[in-house]
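Have a look at the structure below, then the notes.
Counting convention: from 1, in listed order, for ligands and their atoms alike. This one's a predicted model, so the numbers in the text were calculated from it and none came from an experiment.
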Amino acid sequence: MTKTTLITGATAGIGEATARLLAKNGYNLIVTGRRKARLDNLKKDLEKNTTAKVYTLNFDIRHRDKVEQALDSLPDEWKDIEVLINNAGLAAGLGPLHEGDLDDWEQMIDTNVKGLLYISRKILPGMVERRKGHVINISSTAGKEVYMNGNVYCATKFAVDALNKAMRLELVDHGVKVTSVNPGFTETEFSLVRFKGDREKAKMPYAGMEPLRAEDIAEVILFVLSRPDHVNINEIIVTPKAQANAFYIHRERER
Ligand code: NDP
Ligand code: 8X3
């Protein structure tokens with residue numbers, strides 16, 4: 001198994017955990033993100049401790065020209081991408097729409113929706129031409145139901161859900177598989193990013209409950225990828241035991 005797999009947002013959280021697990025399972029990886037030092041360290045670590053080959057691409061997914069330049073710069077032996085994991089994304093802020101910060105909205109829409117589209121538009125034609133490929137879109141429980149104060153983040157994940165369905169419909173005749181993985185609360189840098197570095201606030205979503213770990217989602221992704229060729233998991237929703245849906249969490253309180 002030496003499938004060439006591109007993971008967006010592999011410098012932290014779900015993307016990094018997935019890179020680590022896939023490398024151990026024989027996938028060759030193109031890892032992307034804005035934080036170059038983290039990408040370089042990841043490559044060094046994985047190439048030392050696994051048999052995987054790793055290539056790094058350092059760019060901001062919001063910039064269409066940078067996405068195009070980065071993918072065009074891939075050496076020939078890395079160009080035939082067989083698996084694309086559209087993972088890079090974020091939430092910025094949590095509050096009612098009528099008090100929303102427009103810069104936060106732009107950042108979420110540009111990253112979670114437009115960035116995913118820029119990458120996909122560059123990589124899908126090769127998959128279609130080779131009649132081979134698998135796209136995994138990381139959406140969210142927030143793409144299935146709207147929760148209080150989630151408004152624009154939820155809208156971006158509903159968009160990912162729609163694009164996931166559109167891709168499956170439009171790629172099925174070309175032999176390309178499409179899956180959405182929809183995590184619930186997963187403790188990564190997500191909450192720290194959402195609350196702009198405020199560590200106290202970032203802990204609040206996980207009070208009195210045990211969230212998922214990034215590795216839990218990585219295992220689901222490996223499962224999805226390792227099904228036989230004739231099997232496709234269309235979509236999968238994974239939550240912590242204590243999470244019933246996008247907005248109801250059971251919390252243990254100290255008595
Ligand atoms: P992290 O914050 O830990 O990781 C996010 C990754 O996305 C980082 O590698 C970051 O890299 C990358 N990224 C963010 N913005 C950009 C950008 N403009 N250009 C390139 N890369 C970018 O969060 P998670 O691992 O939790 O999030 C991964 C995905 O999972 C996201 O799509 C998120 O919406 C989704 N998700 C997360 C859940 C959770 O509870 N954690 C639940 C459901 C879905 P860098 O900063 O180096 O650019
Ligand atoms: C990330 C999980 O519930 O904070 O998609 O939106 S949540």
For the 3.5 Å polar cut-off, considering only N or O atoms, please tell me whether G9 and ligand 1 meet it.
yes

If you measure from each heavy atom of A10 to ligand 1, is any distance below 4.0 Å?
yes

Would you say ligand 2 has an N or O under 3.5 Å from any N or O of Y147?
yes

Contact between ligand 2 and R194 is defined here as a heavy atom of the residue under 4.0 Å from a ligand atom; is it met?
yes

Closer than 4.0 angstrom: is that true for some heavy atom of G115 and an atom of ligand 1?
no

Per atom 5 (C) of ligand 1, closest listed option by heavy atom (S139, G13, A37, G89)
G89

Determine, for F190 and R194, whether the Lys NZ or Arg CZ falls below 6.0 Å from the six-membered ring centre while staying within 45 degrees of the axis.
no

Give yes if a backbone or side-chain nitrogen or oxygen of I61 is under 3.5 Å from a nitrogen or oxygen of ligand 1, and no if not.
yes

Closest to atom 25 (O) of ligand 1 (judged by heavy-atom distance), picking from L57, T8, I14, I217
I14

Do R131 and D173 sit within salt-bridge range, that is, some charged N less than 4.0 Å from a carboxylate O?
no

If you measure from atom 39 (C) of ligand 1 to every heavy atom of T186, T156, N112, which option wins on shortest distance?
T186

Quick check: E189 and ligand 1, any N/O pair under 3.5 Å apart?
yes

Ligand 1 versus F185: contacting region, heavy-atom distance under 4.0 Å:
backbone

Where the closest heavy atom to atom 23 (O) of ligand 1 is concerned, which of L212, T188, T111 has it?
T188

Can you figure out which of T141, N87, L90 has its heavy atom closest to atom 31 (C) of ligand 1?
N87

